[in-house]
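Numbers for residues simply follow the sequence, beginning at 1. One-based numbering, in listed order, for ligands and for the atoms of each.
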Amino acid sequence: MSLNEDAIRSTVRDLLRQELRGVPSKGKWNTFQGWNRNGTRGVFSTIDGAVKAAHEAQKAWIGMRLENRRKIISKIRSALREANDWMSKEAQSETGLGRSEDKIKKNLLVIDKTPGIEILDSHVQTGDDGLVLTEYAPYGVIGSITPTTNPTETIINNGIGMIAAGNGVVFNPHPSAKNVSIKTVELINTVIVENGGPDHLLSIMKEPTIESAKELMRAPGLRLIVVTGGPHVVKEAMNSGKKCIAAGPGNPPVVVDETADLVQAARDTLLGASLDNNVVCIVEKEVFVVEAVRQEFVKNMQAHGAYKLSKDQTKRLEKIILLEDGYHTNKKWVGKNAGSILRELGVPADDHLRLLITEVPFEHPFVQNELLMPVLPIVSAPNVHAAIEMAVKAEHGYGHTAVMHSRHIDHLHKMARAVNTSIFVKNAPSYAGLGLGGEGYTSFTIASPTGEGLTTARDFSRVRRCTLKDHFRIV
Ligand code: NAD
């Protein structure tokens, strides 16, 4: 067989496209229309209906062989890889937040690096008194309340983790991301059914509201609630009377000391802080840089493409992105492109611009608030100890995420102990802590208030012990 040059080129192009996006170039999941939805799989108008259907499905699911469940989860991952393009674009267009090209990366991360059944390793101990087996068992059906900032990522990540642990799940998504959330659930259910699994294992509310979220938290038949969002939903879940896993807000500080590789620190900070226009809870929200290297760090940020706002522009920006109280964030600007924010200030800019930076004092609302937009405040500190102290204060005790750029082991050690966050990233963009370019599995439900950190199927399981007296110590 002989291949002409054009055919080879086209094959290479296709392979490269697959490699870059992680999606096969052809496949039925490539478009939302490409597969037979066959009704509304898993979509319900009432919490009661959704919970009942998920319970039925869960009974059938745990009746299936583990090998078949593993196969189905692998098929779900493949289908989602194909669907990533439209899913990411729709998430961006429906919510108006972030950048679809970044959402593709985030979705791919959860598709590939959310742990499945393999993380549920059972444990055996034997001795003079016999044998004890410890296993991870399902809760049954879990209620999951998901955010607008990572809508599909959270459904995929929680969804895979929860069903890997043998559970069913009912989602109440953020109302402003309901359509893409529903489509993601329909797709996953369709894959499950096509491969011999039960329908409605993942269920979702057709018209989600805050009220339906509250109802889900109190629904009979659910033993565990998992919430991913801001302070209000966390508070509500903790008052629900049920066991909850709560993933709440953060305000991740970055400390840059005089020993840091300043080129790398600037590049990594720009990459992290601009990811999906800063809407991700773990990304860099403010920088504390030691005065001796401040100018060089700021220059490096500019060299990597950040736009530095003048004092006057910063003053005018406060009027735009903060509410009238001069403190809280104006939601209208959350997740918008840096270019559009700059244009609002009357400065011509295109949408390739990824980040605005500004030098402000510690008390500034841009520092103290989780802005969730590509505006990064930089604060000068007289020395590394003061920088760490400010970082700890600006993190507000959320215990969420922190970053440090330093080559001084004592400084890194001091910050790690002082800031006490679920994720602490050293010398990398924050998202390395999610396994994106860093080691380890991923999670988009980072439960700092309740302490689980990066949640997995293990956290969505009950631990059970089975004891056998006097037997099976066979050595
Ligand atoms: P949000 O709190 O507005 O909404 C999250 C979910 O909670 C939505 O489904 C919403 O409908 C529901 N909700 C909100 N208030 C509620 C209440 N009083 N009772 C019941 N349900 C309620 O948050 P968002 O804007 O979607 O997401 C951004 C916030 O979430 C940021 O603060 C971000 O840091 C945080 N977040 C944290 C994590 C994490 O893993 N820790 C992940 C993503 C987002």
For ligand 1, does [X] get within less than 4.0 Å through its side chain, its backbone, both, or neither, judged by non-hydrogen atoms?
X	answer
A213	side chain
P208	neither
N172	backbone
K235	neither

Starting from [atom], which protein heavy atom do you reach first, and at what distance in Å?
atom	value
atom 37 (C) of ligand 1	G248 O, 3.2 Å
atom 35 (C) of ligand 1	G229 O, 3.2 Å
atom 17 (C) of ligand 1	I210 CG2, 3.7 Å

Do K183 and E186 meet the salt-bridge criterion of a basic N to acidic O distance under 4.0 Å?
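So E186 does not pair with K183 through a salt bridge.
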
Nearest non-hydrogen partners of G166 and I62, listed with the distance
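That closest heavy-atom pairing would be O-CG2, 3.3 Å.
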
Compare [options] and give the one whose heavy atom is closest to [atom].
atom	options	result
atom 7 (O) of ligand 1	T445, V233, T146, T148	V233
atom 5 (C) of ligand 1	T228, I423, L372	T228
atom 19 (N) of ligand 1	E236, K285, E211, K178	E236
atom 40 (O) of ligand 1	T95, I145, I446	I446

Close N or O approach ([X], ligand 1; < 3.5 Å):
X	result
N150	no
M217	no
G230	yes
K214	no

Could you verify whether a donor N or O on one side chain and an acceptor N or O on the other, from N277 and N337, lie under 3.5 Å apart?
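Present: a donor and an acceptor within the cut-off.
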
For D261 and Q264, indicate whether the former's side chain and the latter's backbone hold a donor-acceptor pair under 3.5 Å.
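Here the side-chain-to-backbone pair exists.
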
How about R223 and R462: do any of their side-chain heavy atoms sit closer than 4.5 Å?
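Heavy-atom side-chain distance check passes, below 4.5 Å.
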
Do S340 and W333 have side chains that get closer than 4.5 Å, going by heavy atoms?
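Yes, at least one pair of side-chain atoms sits under 4.5 Å.
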
